[in-house]
Amino acid sequence: MKLTLQGIKDTAAWEAASVKLPSYDVSAVAAATKEAPVWVHFGAGNIFRIFIGGLADTLISSGEMTKGITCVETFDFDVVDKIYVPYDNLVLAVTLKADGSTEKQVIGSLTEAIKAQSGVEAQWNRLKEIFVNPGLQMISFTITEKGYALKGADGTFFPFVQADIDNGPEKPGAAMAVVCALLFERYKAGKAPLAVVSMDNCSHNGEKLQSSIITMAEEWQKKGFVNEGFLAYLKDEKQVSFPWSMIDKITPRPADSVCEELKKLGVEDIAPVITSKKTYIAPFVNAEGPQYLVIEDKFPNGRPALEKAGVYMTDRDTVNKVERMKVTTCLNPLHTALAVYGCVLGYTLIADEMKDPELNKLVHQIGPVEGMPVVTDPGILSPQDFVDEVINVRIPNPFMPDTPQRIATDTSQKVGIRYGETIKSYVAKYGDAKKLQAIPLAIAGWCRYLLAVDDEGKAFELSADPMAQELTAKLAGIEVGKPETYKGQLKEILSNENIFGIDLYKAGIGEKIEELFVEEIAGPGAVRATLKKYLA
């Protein structure tokens, strides 16, 4: 059983292995898409392959769409060579259910894979050909928030971005310059309208994407590469729209256990690969079942019937509310608390933490108890139902190979949204945030995590974070087991509005967090003892 167009012709073997195959002619869909693409996606990684590719697969299967998605990789070109080409762009999607069962299906909706390399004539000309086609309706993105960043903390353009500005639209390198250059081709070919849709998991994603594309165009205009008319085209949302969206589906890296199960069923050549850019990717994608995609319905050139595949099509304000509900109350704050405490308490699987009485109680307190009084209700989804599913179905799923170490990445960039927003809402509603107990405990846990010493006193490695060096330097001198070494080192962190969005002392909880932290550094077992004491 090979995951290729030829291989899936042996339908009996796949059916015997309980793998659902495409109900449509994959080759015919691919040919129709190549001739006149309607949907291009940038960022050909895992969440795209199983979630967005799955949506298209559903719509093609039901006759709502006759074309698939054209996939463009902007960062790691090995993905195209090692995961798309050898498998004829097919994906084996594995849904991991909480009862241990899996649902397996081959997705055939990813019809073409292209490398966004302006230096490779064939690839670049193909992209230009696609973008000048007036029938193209939408381009979408899962390139991570970093893919939109143009400037460093000092406010100057990153060197690679400056190179893109200097080189102009003929030789773009990074994603934003590539997309801007292709939009310029579309403009020159007759200004056909287009929706430019970020599906990345970040707040106000459409605004971030729009700002980066327009900044690139403005810099090119200063250098004479593009004209005023191109800028006017990009800024007219009746021509080029940048809808906001909210996406939610936990998609961990490919699991060895899933790979072994597929091999036992007889699927060949299915092992994960690690690319030269350290992407860990496989011919299969494993993910949880629950998934949410909410998109602002602003498509000036028409769009696929996404709502018929379960996408919520709505207005910008509702997208913003759903995103705020998830990120500030119902999911992300719980994940961050489990991530930092999981690292300190020696866990390597998020699901296992939900069997821990203290950590289970901590997330119940953060979400349903402390978050709900100030939650944003988007109207199209129930916050209570959403958080119940997160706590009772999604996070405890023992077959989701997600780790606290992965989720602890970049925590300094997340705490302002995940906790700061609820703290600000409490200050607005009650005058201060002194009613909060679990959120201060979560923040104290993050500070304790930054010492990189677990609750047994053993050193561990912090997950990547752009502020790690700066934050650990501020904690210099603090020793676990010697609470007397705490001399107020947290004050600069807890009062930093750039981190939390608010000075935690002005919110009335800075001192409380300091006290909790000091209790957590008392010695081995102090973190566990502190959680027990305050969650009793």
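What you are looking at is a predicted structure, and each value in this text was computed from that prediction instead of being measured.
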In terms of side-chain heavy atoms, does Thr279 have a donor or acceptor partner in Asp78 at a distance below 3.5 Å? no
For Glu470, enumerate each residue passing the salt bridge (Lys or Arg N to Asp or Glu O under 4.0 Å) test, keeping only those at least two apart in sequence or located in another chain. none
Distance flag, aromatic centroids of Phe517 and Tyr486, threshold under 6.0 Å: yes
Could you walk me through whether Asp454 and Arg448 pass the salt bridge (Lys or Arg N to Asp or Glu O under 4.0 Å) check? CA-CA 9 Å; Asp454 71 15; Arg448 172 66 182 76; over 6 Å; no
Partners meeting side-chain contact (heavy atoms from CB on, under 4.5 Å) with Thr95 (sequence neighbours left out): Glu103
No-hydrogen, no-angle side-chain donor-acceptor test under 3.5 Å, Tyr341 and Asp356: no
For Gln405, the side-chain contact (heavy atoms from CB on, under 4.5 Å) test, sequence neighbours excluded, returns Cys343, Thr403, Ser463
Could you pull out all residues at least two apart from Asp388 that satisfy salt bridge (Lys or Arg N to Asp or Glu O under 4.0 Å)? none
My understanding is that only residues two or more places apart in sequence, or in another chain, count here; which of them pass side-chain hydrogen bond (donor to acceptor under 3.5 Å, both in side chains) with Thr376? Arg324
With Lys355, which residues qualify under side-chain hydrogen bond (donor to acceptor under 3.5 Å, both in side chains), at least two apart? Asp352
Have a look at Arg528 and tell me which of Glu456, Glu358, Glu520 forms a salt bridge (Lys or Arg N to Asp or Glu O under 4.0 Å) with it. Glu358
Enumerate the side chain to side chain donor-acceptor pair (under 3.5 Å) contacts for residues 328-337, please, sequence neighbours excluded, ordered by first and then second residue. Thr336-Arg418
For Thr142 and Asp200, run side-chain hydrogen bond (donor to acceptor under 3.5 Å, both in side chains): C-alpha distance rounded to whole Å, both residues' side-chain angles, the deciding distance at 0.1 Å, then the answer. CA-CA 5 Å; Thr142 49; Asp200 271 300; 5.4 Å; no
Keeping to residues at least two apart or across chains, list the side chain to side chain donor-acceptor pair (under 3.5 Å) pairs with something in residues 496-506. Tyr505-Glu514
With no hydrogens and no angle check, just 3.5 Å: does a side-chain donor-acceptor pair link Gln365 and Gln437? no
Not counting sequence neighbours, which residues clear ring-ring contact (aromatic ring centres under 6.0 Å, His included) with Tyr292? List them please. Phe386
If the condition is side-chain contact (heavy atoms from CB on, under 4.5 Å), which residues does Ser241 pass it with, not counting sequence neighbours? Ala195, Glu237, Pro243, Lys298, Pro300
Across all chains, not counting sequence neighbours, the side-chain hydrogen bond (donor to acceptor under 3.5 Å, both in side chains) partners of Tyr312 are none
Exercise: do Ser211 and Tyr148 side chains pair donor with acceptor under 3.5 Å: no
Nearest-0.5 Å distance that lies between atom CD1 in Ile250 and atom CD1 in Ile350: 8.5 Å
Measure the spacing between CD of Glu218 and CG of Leu231 and express it to the nearest 0.5 Å. 5.5 Å
Are the side chains of Val94 and Val285 in touch, meaning some heavy atoms are under 4.5 Å apart? no
List for me each residue that meets side-chain contact (heavy atoms from CB on, under 4.5 Å) alongside Tyr430, sequence neighbours excluded, and say none if there are none. Pro373, Tyr426, Lys435
Any luck finding a side-chain donor-acceptor pair between Lys249 and Asn46 under 3.5 Å? no
Taking the six-membered ring of Phe157 as reference, does the cationic atom of Lys151 (NZ for Lys, CZ for Arg) lie under 6.0 Å from its centre and within 45° of its axis? yes
Please tell me whether Phe460 and Tyr449 form a close aromatic pair, meaning their ring centres lie under 6.0 Å apart. yes
